[in-house]
Amino acid sequence: MRAMTVRVRFAPSPTGFLHIGSVRTALFNWLYARHTGGTFILRIEDTDVARNTPESLRTILDGLRWLGLEWDEGPEKGGPHGPYFQSQRAAIYRRYVEQLQRSGHAYEREGALWFRMPREPITVPDLVAGPVTRQPTDREAADPDFVIVRRDGQPVFHLVNVVDDIEMRITHVIRGEDHLSNTPKHLALFRALGVTPPAYAHIPMILNADGSKMSKSDPDPSKARLASLATYIADGFVPEAVRNYLCLLGWSPKDDRQIMTIEEVIERFDLPQILRANARFDVTKLTWMNGEYLRAMSLERFAELAQPFLPKPVPLSVLALVKEKIKLLKDLPEWVGWAVTEEIEFDPVAVEKVGRGPALAAKLEALASQFATTTEWSAVALEDALKRLATQRGVKPAEFIHPCRLAVSGRAIGPSLYPMLEALGRERVLTRLARAAKVLGQ
RNA sequence: GGCCCCAUCGUCUAGUGGCCUAGGACGUCAGAUUCUCAAUCUGAAAACACGGGUUCGAUUCCCGUUGGGGCUGCCA
């Protein structure tokens with residue numbers, strides 16, 4: 001007996017930004033396809049003409065590719081079961097609608113076409129939640145039937161979703177738990193059409209940190225931002241980190257691993273391990289993970305990813321200094337500012353911390369004359385020079401280190417001091433020491 | 001309101017009746033790194049929602065309560 005080849009699909013609606021929860025759904029589908037050697041299909045559910053936009057479609061395609069979730073069949077790719085836009089499949093839906101009418105499963109009412117829902121409860125054999133049997137709600141008790149073709153002739157979600165899953169030979173439907181309540185309708189449709197339904201796996205939702213629903217239209221703008229994948233791209237998260245973090249939301253490798261290569265995840269991922277409980281999105285942990293990925297990657301890749309975040313080119317030697325420190329690429333400008341701007345702005349908080357006035361000026365001037373005579377301009381030699389000066393004055397090196405950092409970078413935090421000085425070069429360091437002594441010396 | 005799903009540290013999770021004085025990670029706090037830091041290292045505090053059962057024994061099984069989430073559109 002040969003197992004049926006797995007065919008899964010991600011079926012977004014191009015009506016806005018790509019939701020981070022949708023991304024996780026796409027990821028789980030993709031992982032399952034890769035784990036089983038199956039096929040990952042992208043299908044665009046654009047039956048609601050009024051709400052679809054081309055930009056939104058672009059966002060979906062780019063977003064999936066950014067994460068490395070390439071589809072095997074779908075837009076810009078083709079495949080044997082196209083077209084992959086529901087707006088182009090009207091003839092197919094019509095065929096199925098006619099079949100339902102002929103077999104007496106559908107009838108017209110108020111200009112729309114309604115599906116005759118079975119009166120007895122339907123059990124969903126869900127791979128994650130187990131068998132789920134729904135009792136009829138108040139509404140359903142009054143009238144369990146539902147619309148499958150609108151008055152304007154457009155077929156609705158429940159119908160097209162099922163028809164396409166049939167036509168595209170979908171074997172497993174992995175989707176958000178918000179669809180669990182819809183599933184009996186879909187099962188009834190399959191039954192009426194005389195087709196064996198796919199297996200269902202409803203995955204838990206991703207919620208905000210406060211447990212509320214992640215919504216792109218949340219009245220709180222900071223929450224609304226977090227719901228969109230675009231935010232993470234813009235803030236300088238790297239795809240591997242976002243993907244890794246998402247893998248750990250609702251799925252667990254069952255050991256203590258946090259950072260995993262995608263190959264490892266593909267190897268271990270399977271439906272039975274998916275958790276039943278909703279998970280909250282912890283952007284802080286994602287940020288930590290992003291820093292881990294940034295530090296672990298090659299300098300070349302770091303430079304490549306950094307490029308869009310830098311107003312002007314920055315030498316690799318400088319990027320190397322901040323690569324180990326930074327967590328988000330969007331913070332790059334302020335971390336490398338010392339290397340690309342001569343007009344250093346002094347951070348008030350840093351000035352407060354280090355101090356100002358004649359005492360500071362004296363230290364900076366001493367430093368300047370010390371560095372002016374340093375023969376070899378290297379991190380090691382500079383460290384040696386600074387420490388000699390401190391010893392001469394009978395103070396701790398820190399007494400000179402902090403003012404020096406402030407003078408050359410304007411900040412209290414940043415890369416290690418001596419490599420920073422080395423990268424800057426003698427001339428710029430001396431200029432900055434003099435300027436800082438003047439500006440902060442009063 | 002009705003229906004459905006869910007419930008271990010603040011968060012993500014390990015745990016499928018005794019190995020649990022409940023493990024890991026993020027975050028937090030405290031030290032260390034006699035240069036900062038959102039880096040690194042070390043350590044600490046921190047959880048089985050509640051009430052009934054079942055059992056020799058429950059975080060683990062059952063029921064209820066409470067709490068959270070979802071659905072309840074001629075949206076998807």
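Chain A is the first sequence line, chain B the second, and so forth, proteins listed ahead of strands; every chain is numbered from 1. A quick note: this is a predicted structure, and the numbers were derived from the prediction, not measured.
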Between atom [atom1] in [X] and atom [atom2] in [N], what is the gap in whole Å?
X	N	atom1	atom2	answer
A/M289	B/G27	CE	P	11 Å
A/D282	B/U11	CG	P	10 Å
A/I203	B/G69	CD1	C1'	15 Å

Is the A/Y107 ring parallel, tilted or perpendicular to the A/W114 ring (thresholds 30°, 60°)?
parallel
[atom1] spacing across the pair [N] / [M], given as an integer number of angstrom:
N	M	atom1	value
B/C26	B/A38	C1'	14 Å
B/C71	B/G15	C1'	32 Å
B/C4	B/G64	P	11 Å
B/A49	B/A14	P	15 Å

Please determine, for the side chain of [X], which listed nucleotide ([options]) has the closest atom?
X	options	result
A/D178	B/G15, B/C4, B/G70	B/G70
A/N278	B/G69, B/G2, B/G73	B/G69
A/S181	B/U40, B/C71, B/C5	B/C71
A/A112	B/A38, B/G69, B/C74	B/C74
A/A129	B/A38, B/C71, B/C5	B/C5
A/R295	B/U40, B/A76, B/A25	B/U40
A/T284	B/C71, B/C26, B/C12	B/C26
A/D138	B/G2, B/C26, B/C4	B/G2

Pair A/F10 + A/W71: ring centers closer than 6.0 Å:
no
Before we go on, tell me: are the rings of A/F237 and A/Y293 under 6.0 Å apart, centre to centre?
no
Mind checking [X] for me? I need base, sugar-phosphate or nothing, with any heavy atom below 4.0 Å counting as a touch.
X	answer
A/A279	sugar-phosphate
A/L275	sugar-phosphate
A/D255	nothing
A/E110	base
A/T15	nothing
A/Q258	base
A/E399	nothing
A/T137	base

Between B/C35 and A/R405, counting only base atoms on the nucleotide and side-chain atoms on the residue, is there a donor-acceptor pair under 3.5 Å?
yes
Distance criterion of 3.5 Å, no angle test: do you see the side chain of A/K325 paired donor-to-acceptor with the base of B/U40?
no
Only residue of A/L440, A/V408, A/L433, A/L406 satisfying side chain to side chain contact (heavy atoms under 4.5 Å, CB included) with A/L364 is A/L433
For [range], which residues have at least one heavy atom under 4.0 Å from RNA chain B?
range	answer
residues 386-396 of chain A	none
residues 141-160 of chain A	A/V147, A/R150, A/R151, A/V156, A/F157, A/H158
residues 235-251 of chain A	A/L248, A/L249, A/G250
residues 406-421 of chain A	A/A412, A/I413, A/G414, A/P415, A/S416, A/L417, A/Y418

Salt bridge check, [Y] against [X]: does any charged N sit closer than 4.0 Å to a carboxylate O?
X	Y	value
A/K387	A/E383	yes
A/D145	A/K185	no
A/R109	A/D143	yes
A/E73	A/R7	yes
A/E167	A/R43	no

Assign each of A/D210 and A/T47 to its nearest nucleotide of RNA chain B by heavy atoms, then name whichever residue's nucleotide is nearer the 5' end.
A/D210
Looking at A/V128 and A/D126, what are the two nearest heavy atoms and their distance?
N-OD2, 2.8 Å
Quick one: list whatever passes side-chain contact (heavy atoms from CB on, under 4.5 Å) with A/N208, sequence neighbours left out.
A/D210, A/S212, A/M214, A/D218, A/K223
For A/Q101, does the CD atom sit with more than 12 other heavy atoms under 6.0 Å from it, leaving out its own atoms?
yes
Does atom CD (A/E345) have a neighbourhood of more than 12 heavy atoms from anything else shown, all under 6.0 Å?
no
As an exercise, state the distance from CG of A/L421 to CH2 of A/W377, rounded to the nearest 0.5 Å.
6.0 Å
Output side-chain donor-acceptor pairs under 3.5 Å for residues 155-162 of chain A, partner residues at least two apart or in another chain, one line each.
from   : atom 1 : to     : atom 2 : distance (Å)
A/H158 : ND1    : A/H186 : NE2    : 2.9
A/N161 : OD1    : A/R9   : NH2    : 3.2
A/N161 : OD1    : A/R175 : NH2    : 3.4
A/N161 : ND2    : A/E45  : OE2    : 3.2

Between A/R24 and A/F28, is NZ or CZ placed under 6.0 angstrom from the six-membered ring centre and within 45° of the ring axis?
yes
